[in-house]
Amino acid sequence: MAAGLLPRLVAAQGPGQVAGTLLDQATRQPLPFANVLLLRLPDSTLVGSAQTAENGTFALAGVAPDTYLLRAEALGYRPARRLVTLRAGAPVLRLGEWLVAPAAVRLGGVVVQGEKAVVVNELGKTIVNVDKDLNSVGGTAVDVLQKVPAVAVDDNGQVSLRGSTSVTLYLDGKPAPSSLRLDQLPASRLATIEVITNPGAQYSAQGTGGIINLVQKKQTQPGWNGSALATVGTRDKYSAVLDLNRRVGKFNFFGSANAVDNRFRGSSGLQQVATADGRTSRTDQTGQNLRHQASKDLQLGVDYAPNDQERFTLATELYKSDLHQTSDFATRLTRGADPAIVLQNQNLEVDDLYNARISGSYRRTWAAHPGRELTASATYILDGGTVTTEQRVLDGPADYARQARQQLLDVTIHLPSAQVDYAHPLDDKRRWGAGLKTDVMVTPGTADYSVQPVPGAPFVRQEAGSYRYRYQQVIPQAYGNYQQKAGAWDYQVGLRAEFTGLQAQVLPTGSASQRIFNLFPAATVARTLAHEQRLQLSYARRLNRPNFLQIIALPIYSDARNYTVGNPDLRPEYVHVAELGHQVAWQNTTLSTTLFGRFASQSIQSLRTIDTVATRLSGQPDFIARTGYANFGHTASYGLELSLTRPLTAWWKLTANGSFFRSQVASYAGDGTRANFTGTAYLLNTFSPTKALALQLSGNYRAPLVVPQGRLLAVYGVDVALRQRLFNDRAALTLRVSDLFNTRRQSTQLAADGLTADLQSKYETRVGYLGFTWFLGNNKPASTIENQPKGDTGGFGG
């Protein structure tokens with residue numbers, strides 16, 4: 001069909017142009033990545049097509065004078081049509097703002113307005129609309145990310161994408177503070193989560209696994225608007241959030257306040273067998289855990305738009321997080337034929353963390369030149385606090401060391417950054433862009449080691465085992481890219497340059513220094529096919545820089561027998577990422593298919609070994625395990641991702657996505673590679689049995705995954721939630737049960753030279769949540785769960 005259209009497309013070429021900006025009718029927010037088709041009358045022959053930019057602008061050029069039908073198609077919105085006429089004397093037609101309405105579905109005689117689905121899959125990008133996901137109520141960002149193909153989140157909140165843990169986190173398009181834990185970030189703070197698997201040159205090269213951008217809520221409707229949400233969960237779980245905005249003339253004031261207080265109970269088990277100095281030792285532990293998380297967050301900001309082409313934004317945020325975790329467990333130590341020693345232990349962790357952020361940005365567009373845009377921003381983040389860990393022996397043999405040990409980490413992190421981006425259209429089919437950015441990180445800190453000689457006595461600082469450190473890193477960056485459209489083809493090529501300069505010093509152990517310059521090419525080729533199909537091929541080179549705790553030689557103890565330490569000789573790992581994606585839409589159904597490959601060299605691996613020196617010096621009948629980092633071998637993952645969104649009936653909609661891929665890592669034992677076929681699956685059923693009631697039933701599964709020294713076992717679970725609209729759409733009541741069958745648990749099996757370990761943990765995952773939301777001003781719950789208040793989708797580059 002495409003070949004048959006070519007003669008007509010060429011014949012339709014002329015001097016004319018049609019341009020405009022596609023906006024949401026209710027919020028007047030831009031609609032990016034929408035398709036705009038120009039059809040000849042009366043036979044609807046396709047004359048040309050375009051895709052809207054991130055700011056909603058589009059332009060169709062080379063159009064001959066005539067009367068046409070212009071059609072706009074955006075996922076979740078009604079198709080919009082309008083007649084346009086180009087005359088020889090006025091060949092350029094600028095439509096200005098073109099407003100489109102959400103899609104309408106007829107249900108039992110009632111017209112139901114809908115918006116985007118919970119999960120929207122675009123080529124190279126997945127967007128999770130958090131407001132529209134009932135199974136996120138009372139949950140965290142971790143609960144939302146479980147819905148993304150090939151994403152896995154472990155018990156510590158560590159995210160991996162397609163088997164890679166090198167995932168870069170952004171908050172509102174800026175680097176997230178290091179204190180941010182996804183398992184402590186309430187889902188109620190978020191509007192959307194954007195997962196970009198293969199970013200272009202305009203994005204930072206950091207993160208071989210991709211970029212995850214957490215976009216917080218910000219309302220922009222005129223007048224007073226907002227919402228108040230209170231949630232209570234079983235066994236002491238509470239949260240509350242208030243979002244408000246006031247738009248007056250050229251100003252938009254926005255703010256939010258959040259508070260969370262949750263207690264989670266759990267259990268854990270550990271079996272380790274080690275051989276050191278010719279003797280075999282075995283450690284068996286079982287215990288119970290109590291984790292108390294509390295956080296408070298305040299955000300304030302203002303937008304000022306002196307005209308339709310300029311906008312200034314100033315925002316600030318204050319965040320406080322507290323974590324208190326207690327683990328009580330029994331330990332059985334066995335060495336050779338010696339009698340076993342049984343101990344009662346207690347581990348404590350207290351985190352007192354804070355974060356302050358202030359940012360300003362400026363955006364300039366030109367109505368006479370659609371696609372031309374200048375943005376500039378600056379951000380300063382102050383991140384820090386204290387982390388205290390203690391290990392105690394509560395009961396055991398009299399001759400066993402009964403003293404308590406404590407490590408106090410005091411951290412302060414300064415993160416200033418600034419960037420400027422500019423995009424300039426050469427004509428209606430060609431555009432170039434460029435940008436500059438600088439990221440700076442400065443963190444001084446201390447790690448004090450103390451012991452308590454006898455119970456009840458004060459802790460006494462020990463010079464041996466205490467450290468002071470200072471780490472500073474500067475990363476100047478620059479990029480340029482070029483885009484061109486030729487008929488049904490779209491091309492984009494770009495090159496990014498980044499320099500990494502760091503200096504680290506740990507007293508009294510030593511220092512580290514790196515000066516590294518890199519170039520990162522990226523390219524994308526896409527073709528629009530007949531019947532609403534799109535094919536896209538992309539490639540990018542990326543890197544994973546080790547974080548400062550992976551570099552500085554600072555031992556951090558998780559308990560008396562296990563510690564983690566950095567490696568000053570650690571270098572970045574480099575990766576080549578390629579994707580071939582296809583997307584087709586028909587009859588309200590969208591199917592996305594992606595073949596991907598990720599190939600890394602100089603891989604950064606986390607390794608668990610026996611510290612024979614520390615074991616010998618401890619004088620105890622057990623052993624000390626050390627977790628460190630090293631560059632070795634190659635890793636690879638390649639496979640297939642699928643995503644399907646389809647209404648099965650007028651009241652039942654299905655969303656399914658999954659991945660199946662081969663994950664391959666270098667074996668630490670030096671005997672080649674470790675590999676397995678693995679994947680993820682997620683299924684969401686959305687039901688609308690009545691006008692005011694909505695129900696969601698979802699399940700997810702993550703298959704076992706190999707690591708250099710073992711494997712992570714499978715994780716799976718089912719969630720259910722329902723929402724009832726109340727008081728003429730002024731309020732909504734939501735009931736949710738997470739992990740309905742109580743199946744989600746984390747299990748890891750490790751094997752290294754002289755050491756095997758089996759670790760299991762089961763936190764409280766089956767939780768019932770009841771949430772009540774009151775909508776203020778123009779905000780209301782829509783007639784379906786897919787039309788909750790919509791925040792600014794944001795955007796970022798540099």
Checklist entry - About how many Å separate CZ of Arg662 and OG1 of Thr678, when rounded to the nearest 0.5 Å? => result 11.5 Å
Checklist entry - Do Asn547 and Met441 have side-chain heavy atoms sitting under 4.5 Å apart? => result no
Next on the checklist: Hydrogens and angles aside, do Glu373 and Thr365 bring a side-chain donor and acceptor to less than 3.5 Å of each other?
Outcome noted: no
Checklist entry - Do Asn213 and Ile196 come within less than 4.5 Å of each other through their side chains, counting heavy atoms only? => result no
Next on the checklist: As a quick check of understanding, evaluate side-chain contact (heavy atoms from CB on, under 4.5 Å) for Leu580 and Leu535, giving each step before the final call.
Outcome noted: CA-CA 8 Å; Leu580 175 62; Leu535 190 68; 4.3 Å; yes
Next on the checklist: Checking Phe596 against Thr197 for the side-chain contact (heavy atoms from CB on, under 4.5 Å) test, could you report, in this order, the C-alpha distance in whole Å, the side-chain angles of both residues, the deciding distance, and whether it holds?
Outcome noted: CA-CA 10 Å; Phe596 66 87; Thr197 54; over 6 Å; no
Next on the checklist: Over 60° means perpendicular and under 30° means parallel, so tell me whether Trp432 and His424 are parallel, tilted or perpendicular.
Outcome noted: tilted
Item to check | CD-OG distance between Gln536 and Ser538, expressed to the nearest 0.5 angstrom | outcome: 5.5 Å
Checklist entry - Given Ile604 and Asn631, is the side-chain contact (heavy atoms from CB on, under 4.5 Å) satisfied, shown in steps? => result CA-CA 5 Å; Ile604 297 176; Asn631 297 107; 3.5 Å; yes
Next on the checklist: For the residue pair Gln483 / Arg431, report whether a side-chain donor-acceptor contact shorter than 3.5 Å exists.
Outcome noted: yes
Item to check | Check: Pro647 and Thr589 side chains under 4.5 Å, non-hydrogen atoms | outcome: yes
Next on the checklist: For a quick test of reading the model, state the closest non-hydrogen atom pair linking Arg542 to Gly207 and the distance between them.
Outcome noted: NE-O, 2.8 Å
Item to check | Nearest heavy-atom neighbours spanning Ile475 and Arg545 | outcome: CG2-NH2, 3.5 Å
Checklist entry - Do the side chains of Tyr479 and Asp421 get nearer than 4.5 Å, heavy atoms only? => result yes
Next on the checklist: Quick one: does any side-chain atom of Thr52 pair with a main-chain N or O of Ala34 as donor and acceptor, under 3.5 Å?
Outcome noted: yes
Checklist entry - Can you list the steps and then say if Arg430 with Tyr482 is a side-chain contact (heavy atoms from CB on, under 4.5 Å)? => result CA-CA 8 Å; Arg430 299 178 300 155; Tyr482 173 78; 3.1 Å; yes
Checklist entry - Looking at side-chain heavy atoms only, is the closest gap between Gln492 and Gln202 below 4.5 Å? => result yes
Item to check | Close side-chain approach of Gln206 and Thr500, heavy atoms under 4.5 Å | outcome: no
Item to check | Closest contact, heavy atoms only, Pro572 versus Leu543 | outcome: CB-CD1, 3.9 Å
Next on the checklist: Any non-hydrogen side-chain atom of Arg357 less than 4.5 Å from a side-chain atom of Leu171?
Outcome noted: yes
Checklist entry - Can you find a heavy atom in the side chain of Leu683 that is under 4.5 Å from one in the side chain of Tyr701? => result no
Next on the checklist: Could you check whether Arg541 pairs with Glu498 (Lys NZ or Arg NE/NH1/NH2 to Asp/Glu carboxylate O, under 4.0 Å)?
Outcome noted: no
Checklist entry - Is it the case that more than 12 heavy atoms not belonging to Tyr716 sit under 6.0 Å from its OH atom? => result no
Item to check | Closest contact, heavy atoms only, Pro708 versus Val665 | outcome: N-CG2, 3.8 Å
Next on the checklist: Quick check against the 3.5 Å criterion: does Asn481 have a side-chain atom that pairs as donor or acceptor with the backbone of Gly433?
Outcome noted: yes
Next on the checklist: Tell me whether Arg674 contacts the main-chain N or O of Gly710 through its side chain, where contact means a donor paired with an acceptor under 3.5 Å.
Outcome noted: yes
Item to check | Approximate separation, where rounding is to 0.5 Å, of Lys653 NZ and Gln696 CD | outcome: 10.5 Å
Checklist entry - Side chains of Ser659 and Thr680: is there a donor and an acceptor less than 3.5 Å apart? => result yes
Item to check | Atom pair CG (Asp439) and CG (Leu415), whose distance is rounded to the nearest 0.5 Å | outcome: 8.5 Å
Checklist entry - If you measure from CG on Leu644 to OG1 on Thr655, what distance do you get to the nearest 0.5 Å? => result 8.0 Å
Next on the checklist: Taking Leu502's backbone N and O only, do any of them form a donor-acceptor pair with Arg515's side chain (distance below 3.5 Å, no angle check)?
Outcome noted: yes
Item to check | Polar side-chain atom of Asn567 near backbone of Ala630 as donor-acceptor pair, under 3.5 Å | outcome: no
Checklist entry - Between atom OG1 of Thr168 and atom CD1 of Ile211, what is the distance when rounded to the nearest 0.5 Å? => result 6.0 Å
Item to check | Name of the residue among Lys437, Gln419, Arg496 meeting side-chain hydrogen bond (donor to acceptor under 3.5 Å, both in side chains) with Gln477 | outcome: Arg496
Checklist entry - Considering all heavy atoms of both residues, which atom of Ala59 and which atom of Ala50 are nearest to each other, and what is their separation? => result O-CB, 3.7 Å
Next on the checklist: Side chains of Gln473 and Tyr471 only: does a donor on one sit below 3.5 Å from an acceptor on the other?
Outcome noted: yes
Checklist entry - If you look at every heavy atom in Leu570 and Gln550, which pair is closest and at what distance? => result CD2-O, 3.7 Å
